[in-house]
Amino acid sequence: MTTPLRGPLLLGVRHHGPGSARAVRAALDAASPRVVLIEGPPEGDALVSLAADPQMRPPVALLAHAVDDPGRAAFWPLAEFSPEWVAIRWALAHDAPVRFIDLPATHSLAFKDDSEEGDADGNEAGPGGAPGPGDRERALRIDPLAVLAEAAGYDDAERWWEDVVEHRGGTDGGDPFAPFAAVGEAMGALREEYGDGGHRRDLVREAYMRLQLRAARKEFGVDQVAVVCGAWHVPALGAGSTATADRALLKGLPKVKSEMTWVPWTHHRLARHSGYGAGIDSPGWYGHLFGAPDRPVTRWMTKVAGLLREEDQPVSSAHVIEAVRLAETLATMRGRPLAGLTETTDAIRAVMCDGSDVPLALIRDRLIVGDVLGEVPDSAPAVPLQRDLTRLQRSLRLKPEALEREVDLDLRKETDAGRSRLLHRLRLLAIGWGEPASGRGSTGTFRETWRLRWEPELYVRVAEAGVWGTTVLSAATAKAESQAVSATALSEVTALAEQCLLAELTDALPVVMKALADRAALDADVGHLAQALPALARSLRYGDVRSTDTAALGEVAAGLAERVCVGLPPACAALDADGAAEMRAHLDGVHTAIGLLPATPDRPAGDLSGRWAAVLRKLAARDTVPGVIRGRATRLLLDDGRLPEDEAARLMGLALSPGAPPADAAAWIEGFVGGASGGGMLLVHDERLLALVDTWLTGVPAASFTDVLPLLRRTFSAYEPGVRRTLGELVRRGPAGGGARPDRVEAGIPGFGAAVDETRADAVLPVLRLILGDPDPDHRTDHDNDLAGVAR
């Protein structure tokens, strides 16, 4: 057995490196220390025993947050292949104490400058696990691995690390301590050259580490202590600094009261692209290397093949064999000890993906990065709100998952209704686990579609929301009441009322309704009233679906609708282009909302819709109203059957008359046939309207044409390609095929030709014969006459 090194055993590692993890395990087995010190916050000492719980499954993270400001938080993630996790599990298995020796979270959370939250190894994530505002400063600091890789002639630090550590089994000539001696020597040279490397806070952290190391040596003996820390810190821990000097560096550090717990983590959040300081490019690949030290390339190719087969890709065993051969050949040609991720990816692209990068995106997402979500035991400390949320997730069978997925809910089912309530309450609490999405099926009020994805940062959001209550229901109710009291805009209160109905926060509704009535009574802006009404109308529909008493809400909505009807016509006069476009959107919203409002004893539904129709007629007929609003009012009346087609054609003719300014006429067209309201199909089926537009367009003066062209292009570009193609064909052939007289078109039913097209009607006879069956040949003539009558 190899004799351990004299003095404390300093194991300098790369965080989340499988090679370092294997080397740490081998060194601990050889040295058998009595205590293991690990770089991390000392507040985690009380939680380290949970790592032995069978329910604990990495990746996990220590989460610390300030008690008075839960949004100020930091994570210390650990994966199965993290050297720190391996050291913790080794110590627990050998009954050796485990102590974290980094700067306490109570100090690190108190620093206002997030730019130095992480060390040179990137061990500690910034607040919330996301990059802080000091990213620009961080870019000026040295990356030890990049410097060493460049010195070795590599332009890729990841590739260099794989060659010298990950692909060599973690030992050198059977000596488990040799890799750490070599890494320590290299880091010593870097510290001599670069000092702190731009990581000024590392000097404070290392001073605290040295004090903890001295205490452990005094308690357990010089030769009985093992330290697992970032390789960058090894030279500093062995430096000849005095305890007095170290204490002087720690004097006067800011402090905040903090709490700590274990939370699940994900491979996605371990990745460097997520902003994590110690992120790696390929967590899934590193996890594979750690779990499959023998024949890793062959096992990896088998995983890839299995994934592609699940996606119905034709991948056979021959593909796997050939991909392994190609990867090993590429490694030999490139002088690498083992095929790495670059070689395996190149081989997969060539052999399994036929040279395409499209399947590689799936492989990267599912395997190279991975969608693994860790688990923590129920005994882990948690805020009361988190415990209630966990209980609801289990009772509703709505498990948090790292992979994004869509969930369709049928609100007529009790479980789905409960899921909907939970997701809406979490949205109100700013815990963005789910976002509403457009479903593939029914769009009725009884169905909802949610897009779910659980991110580790949501644990911080839950801690922040804990100030509102100890349960999801009480917290959401308290926050809704607070927002109702503090809201200043009417639209904010109406949106809040809609959220309360969706989340079924019945206790909050009285406060919200009072705030809504107060804001509505004081707000005289018609635009604000029009903006608020649609949310109230939707809320009434949701109340019907969820059996919620919405009588008070209905009274407020009806009152708003009355005020809109009175104030809208004068508000639409003398608007500029931007104001007219905004008011047109309000017009659509109010029109839809009034159609949804239920009748009340004081206001029958017909009375309100009749008043609204009268408002639209005023808007359509007034010359002082912008063209886009007049055109839209005309179209809404036409769609509701409150305006004869001849009258709509007359109004269009007036709007497109030679005396109308071209820009105003183009705006009228946009209002009448623009947007996603089916205006294109209206022109297809009513050739009179199309002829009016065509005649006006061909008569626009050349000097004005370039001014109206952008507006017209915006209007017609919104149509489906098939509609645009049909309109083009109609314009090219002219009215009624080019041979019909205008008076003949005018004499027919609006929107149709004046007479039956015999040729087109006879063309359907063969199809009708096929459907109805072939008649007796003696009676075929009479039968044909009957069919022709049906066709016509």
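A 4.5 Å side-chain heavy-atom check between V263 and P456 finds every atom pair outside the cut-off. With contacts defined as side-chain heavy-atom distances shorter than 4.5 Å, the pair E39/R205 qualifies. Put simply, the side chain of L103 reaches to within 4.5 Å of the side chain of L250, judged on heavy atoms. Side-chain contact check for V460 versus H65: every heavy-atom pair is 4.5 Å or farther apart. In this structure, the side chains of L509 and L501 come closer than 4.5 Å at one or more pairs of heavy atoms. Within the 4.5 Å cutoff, the side chain of T449 has heavy atoms near those of the E406 side chain. Within the 4.5 Å cutoff, no side-chain heavy atoms of Q224 are placed close to those of V35. By the 4.5 Å heavy-atom criterion applied to side chains, V225 and L213 are counted as neighbours.
The shortest non-hydrogen separation linking I431 to A465 is CD1-CB, 4.1 Å. Shown here for P97 and A91, the closest heavy-atom pair between the two residues is O-CB, 4.5 Å. Looking at every heavy atom in both residues, T506 comes nearest to P510 through O-CD, 3.3 Å. Of all heavy-atom pairs between G284 and W300, the closest is O-CZ3, 4.2 Å. Residue A87 comes nearest to V228 through the heavy atom pair CB-CG2, 3.9 Å, listed as atom of the first residue, atom of the second, then distance. Heavy-atom minimum distance, L28 versus A226: CD2-CB, 3.9 Å.
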* Asked: Can you check side-chain hydrogen bond (donor to acceptor under 3.5 Å, both in side chains) on E498 and T494, steps first, answer last?
  -> CA-CA 6 Å; E498 183 178 9; T494 54; over 6 Å; no
* Verify side-chain contact (heavy atoms from CB on, under 4.5 Å) between F81 and S20, making sure each step is shown before the conclusion. => CA-CA 8 Å; F81 50 85; S20 291; over 6 Å; no
* What's the verdict on side-chain contact (heavy atoms from CB on, under 4.5 Å) for L367 and L307, showing C-alpha distance, side-chain angles and the deciding distance? -> CA-CA 9 Å; L367 294 181; L307 175 62; 3.8 Å; yes
* Worked check of salt bridge (charged side-chain N to carboxylate O under 4.0 Å, His left out) between E310 and R366 -> CA-CA 12 Å; E310 290 176 0; R366 298 281 187 86; 5.2 Å; no
* Criterion ring pair (Phe, Tyr, Trp, His ring centres under 6.0 Å) on W450 and W433, from CA distance to verdict -> CA-CA 10 Å; W450 290 82; W433 178 20; 9.5 Å; no
* To do: Begin with the C-alpha distance, continue with both residues' side-chain angles, and end with the deciding distance and a verdict on side-chain contact (heavy atoms from CB on, under 4.5 Å) for H16 and L270.
  => CA-CA 9 Å; H16 316 309; L270 278 174; 3.8 Å; yes
* To do: Quick one: do C229 and L10 satisfy side-chain contact (heavy atoms from CB on, under 4.5 Å)? Show the steps, please.
  => CA-CA 8 Å; C229 63; L10 302 180; 5.9 Å; no
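Here the OH atom belonging to Y286 is positioned 12.5 Å from the CD1 atom belonging to I368, to the nearest 0.5 angstrom. With rounding to the nearest 0.5 Å, the separation of CG in L396 from CG in D416 is 9.5 Å. Separating the CG atom in L496 from the CG atom in L516 is a distance of 9.5 Å, to the nearest 0.5 Å. A distance of 6.0 Å separates CG in L389 from CG in L422, rounded to the nearest 0.5 Å. Rounding to the nearest 0.5 angstrom, the gap separating the OG1 atom in T471 from the CG atom in L392 is 8.5 Å. Separation of atoms CZ (R421) and NE2 (H424) is listed at 11.0 Å; rounding is to 0.5 Å.
Judged by distance alone, with hydrogens and angles left aside, the side-chain atoms of S82 form no donor-acceptor pair with the main-chain N or O of W85 at under 3.5 Å. Formation of a donor-acceptor pair under 3.5 Å by the H94 side chain with backbone atoms of W90 is found in this model. The backbone N or O of A508 sits nowhere less than 3.5 Å from a side-chain atom of T477 that would complete a donor-acceptor pair. A donor-acceptor contact shorter than 3.5 Å is absent between the side chain of R391 and the backbone of Q386. Side chain of R447 to backbone of D410: no donor-acceptor contact under 3.5 angstrom is found. The closest donor-acceptor contact from the side chain of R99 to the backbone of L37 lies at 3.5 Å or more, if one exists at all.
Salt bridge present: R453 and E455 bring a charged side-chain N and a carboxylate O closer than 4.0 Å. Ion pair R419/E448 not flagged as a salt bridge, since none of the NZ, NE, NH1 or NH2 atoms sits closer than 4.0 Å to an Asp/Glu carboxylate oxygen. Look at R461 and E457 and you find no salt bridge, because none of the NZ, NE, NH1 or NH2 atoms lies under 4.0 Å from a carboxylate O. Salt-bridge annotation for R201 and E206: absent, with no side-chain N of the basic residue lying under 4.0 Å from a carboxylate O of the acidic one.
With R425 as the partner, the side-chain contact (heavy atoms from CB on, under 4.5 Å) test is satisfied by one option alone out of K479, E504, Q499: E504.
Counted within 6.0 Å of CZ on R394, heavy atoms from surrounding residues, nucleotides or ligands total 12 or fewer; the atom is thus considered open.
Below 30°, between 30° and 60°, or above 60°: for W265 and F75 the angle between ring planes is between 30° and 60°, a tilted geometry.
The salt bridge (charged side-chain N to carboxylate O under 4.0 Å, His left out) analysis of residues 252-267, with sequence neighbours excluded, yields no pairs.
Taking the six-membered ring for Trp, W454 and Y459 have ring centres closer than 6.0 Å.
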Please list every donor-acceptor pair under 3.5 Å in which a side-chain atom of residues 43-61 meets a protein atom from a residue at least two apart or in another chain.
unit_1 : atom_1 : unit_2 : atom_2 : d
E43    : OE1    : A105   : N      : 3.0
E43    : OE2    : A105   : N      : 3.1
E43    : OE2    : T106   : N      : 3.1
D45    : OD1    : F100   : N      : 2.8
D53    : OD1    : Q55    : N      : 2.8
Q55    : OE1    : D378   : N      : 3.2
R57    : NH2    : L373   : O      : 2.7

